[in-house]
Amino acid sequence: MSNDVVVSAQGLTKRFGSQLVFEDVSLDVHKSEVVAIIGPSGAGKSTFIRCINHLHPFDGGTLELLGHTLHGGLKSPSRAVLRDIRTRVGMVFQTFNLFPHLTVMENIILAPLDVKKVPREKAVALARELLDLVGLEHKKDMYPKRLSGGEQQRVALCRALAMEPEVMLFDEPTSMLDPELVGEVLSAIQRLAKQGMTMILVTHEMTFAKEVADTVVIMADHRVAEMGPARQVLESPQTERAQQFLRRVLEPVETMEELSAAAGQGGED
Ligand SMILES: Nc1ncnc2c1ncn2[C@@H]1O[C@H](COP(=O)(O)OP(=O)(O)OP(=O)(O)O)[C@@H](O)[C@H]1O
Ligand SMILES: [Mg+2]
C-alpha cells in the first residue's frame with residue numbers, strides 16, 4: 001500500500017446470508033481524496049461504506065486502512081483494532097441521532113471526553129472551532145429539538161469531527177433534509193474537503209459529486225460498474241450500465257405520467 005493510501009479495498013465481497021450484496025469491489029482512497037459513491041437503490045452502497053469501519057463484517061477480499069489489514073470471512077478483528085478504527089474513522093448517517101437531552105456543545109464534546117480522555121477545555125475549544133466551520137457557533141447551548149434538520153446534521157458533522165478522524169464516511173447525509181436545507185450541509189462538507197479531509201460519501205447529489213468529488217464510483221448490479229475521475233465518469237461514462245444509470249438520474253422524469261411509465265418498466269433506478 002503506497003504511503004498516501006488511507007483506505008484500500010481489494011476484491012471486497014459481502015453477503016447477507018445467501019444474498020450477495022456486492023462482490024469484487026476494489027478501491028484505493030488517497031489522503032485528502034474525496035470519493036463519491038453513487039448508484040441505484042439496493043446496489044450495496046451503504047453496506048460497502050459500513051464495511052469500511054467494520055459496522056458490517058465482509059466475506060471476501062482484503063481491506064487495509066490506517067495501518068490495519070482486515071481479511072474477509074475470517075474471525076473478526078480484535079476489539080482493540082475495532083476501537084482504533086472506530087475512533088479514527090468518522091461517520092455521518094442519513095439521520096442525525098443527536099442526544100436529545102444534551103446541548104449542541106455537550107453532544108460534540110461527549111466522545112472526546114469519554115473515549116479519548118481529552119481535557120474539557122481542549123474539547124470545548126475544538127468544538128467551538130468546528131461549530132464555527134459549519135456556521136453554528138451561536139447555537140452551542142441549544143438542545144437539538146430546537147434546531148432545523150440542516151442544523152442538526154451540521155452538529156452531527158461536528159460531533160464526528162470532534163474525534164479528529166483521519167477519514168470521514170458519509171451515507172447520504174442530505175437525503176432526509178428538506179430541499180432548502182441541503183445546500184448548507186453540502187457546503188459544510190465542501191469546506192471540510194477543502195481543508196484536506198479524506199472522505200468517502202454516498203450521495204444522490206450529482207452536482208455535488210461532480211464539483212466536490214475527485215473520484216466517482218458507480219455501484220450497480222452487485223459490483224462497481226464504473227470508477228474514475230468525477231467529471232469523466234459523470235460526463236462521459238464508458239460502460240453501458242453506468243450510462244443507463246446516469247441517464248435516469250441526470251434526466252429527471254418530468255411528469256407524473258412519465259413517472260408511472262418508468263415505474264411500469266420495473267427499473268430499479
Ligand atoms: N442488515 C441487513 N440484513 C440483510 N440484508 C441487508 C441488510 N442491510 C442491507 N441489506 C440488503 O443489502 C442490499 C444492499 O443494501 P444497501 O442498503 O447497502 O443498498 P444501497 O445501495 O445503500 O441502497 P439505497 O440507495 O436505497 O440506500 C439490499 O438488497 C438490502 O436489502
Ligand atoms: Mg443506502
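Note that ligands are numbered from 1 as they come in the structure, with each ligand's atoms numbered from 1 the same way.
By the 4.5 Å heavy-atom criterion applied to side chains, I85 and L70 are counted as neighbours. Between L169 and L201, every side-chain heavy-atom pair lies at or beyond the 4.5 Å cut-off.
Ion pair D221/R241 flagged as a salt bridge, since at least one NZ, NE, NH1 or NH2 atom sits closer than 4.0 Å to an Asp/Glu carboxylate oxygen.
The salt bridge (Lys or Arg N to Asp or Glu O under 4.0 Å) test applied to D84 returns R88, not counting sequence neighbours.
Residues M142 and V185 fall within the same hydrophobic cluster, defined by Ile, Leu, Val, Met, Phe, Trp and Tyr side chains chained together at heavy-atom separations under 4.5 Å.
Sorted by chain and number, the protein atoms of type N, O or S within less than 2.8 Å of the Mg ion (ligand 2) are S46 OG.
In summary, the side chains of T13 and D59 do not present any donor paired with an acceptor at a separation below 3.5 Å, with no hydrogens or angles considered.
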Which N or O atoms of ligand 1 sit under 3.5 Å from a protein N or O, and how far apart is each pair?
from     : atom 1 : to  : atom 2 : distance (Å)
ligand 1 : 18 (O) : T47 : N      : 2.9
ligand 1 : 18 (O) : T47 : OG1    : 2.5
ligand 1 : 19 (O) : G44 : N      : 3.3
ligand 1 : 21 (O) : A43 : N      : 3.1
ligand 1 : 21 (O) : G44 : N      : 2.9
ligand 1 : 21 (O) : K45 : N      : 2.9
ligand 1 : 21 (O) : K45 : NZ     : 2.8
ligand 1 : 22 (O) : S46 : N      : 2.9
ligand 1 : 22 (O) : S46 : OG     : 2.8
ligand 1 : 23 (O) : G42 : N      : 2.8
ligand 1 : 25 (O) : K45 : NZ     : 2.7
ligand 1 : 26 (O) : S41 : OG     : 2.5
ligand 1 : 29 (O) : Q19 : NE2    : 2.9

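Listed by first and then second residue, the side-chain hydrogen bond (donor to acceptor under 3.5 Å, both in side chains) pairs involving residues 188-205 are E172-H204 (not counting sequence neighbours).
When each of I200, L157, V202 is checked for a side chain to side chain contact (heavy atoms under 4.5 Å, CB included) with F170, only L157 meets the rule.
Here the two rings, on F16 and H56, have centers that are under 6.0 Å apart.
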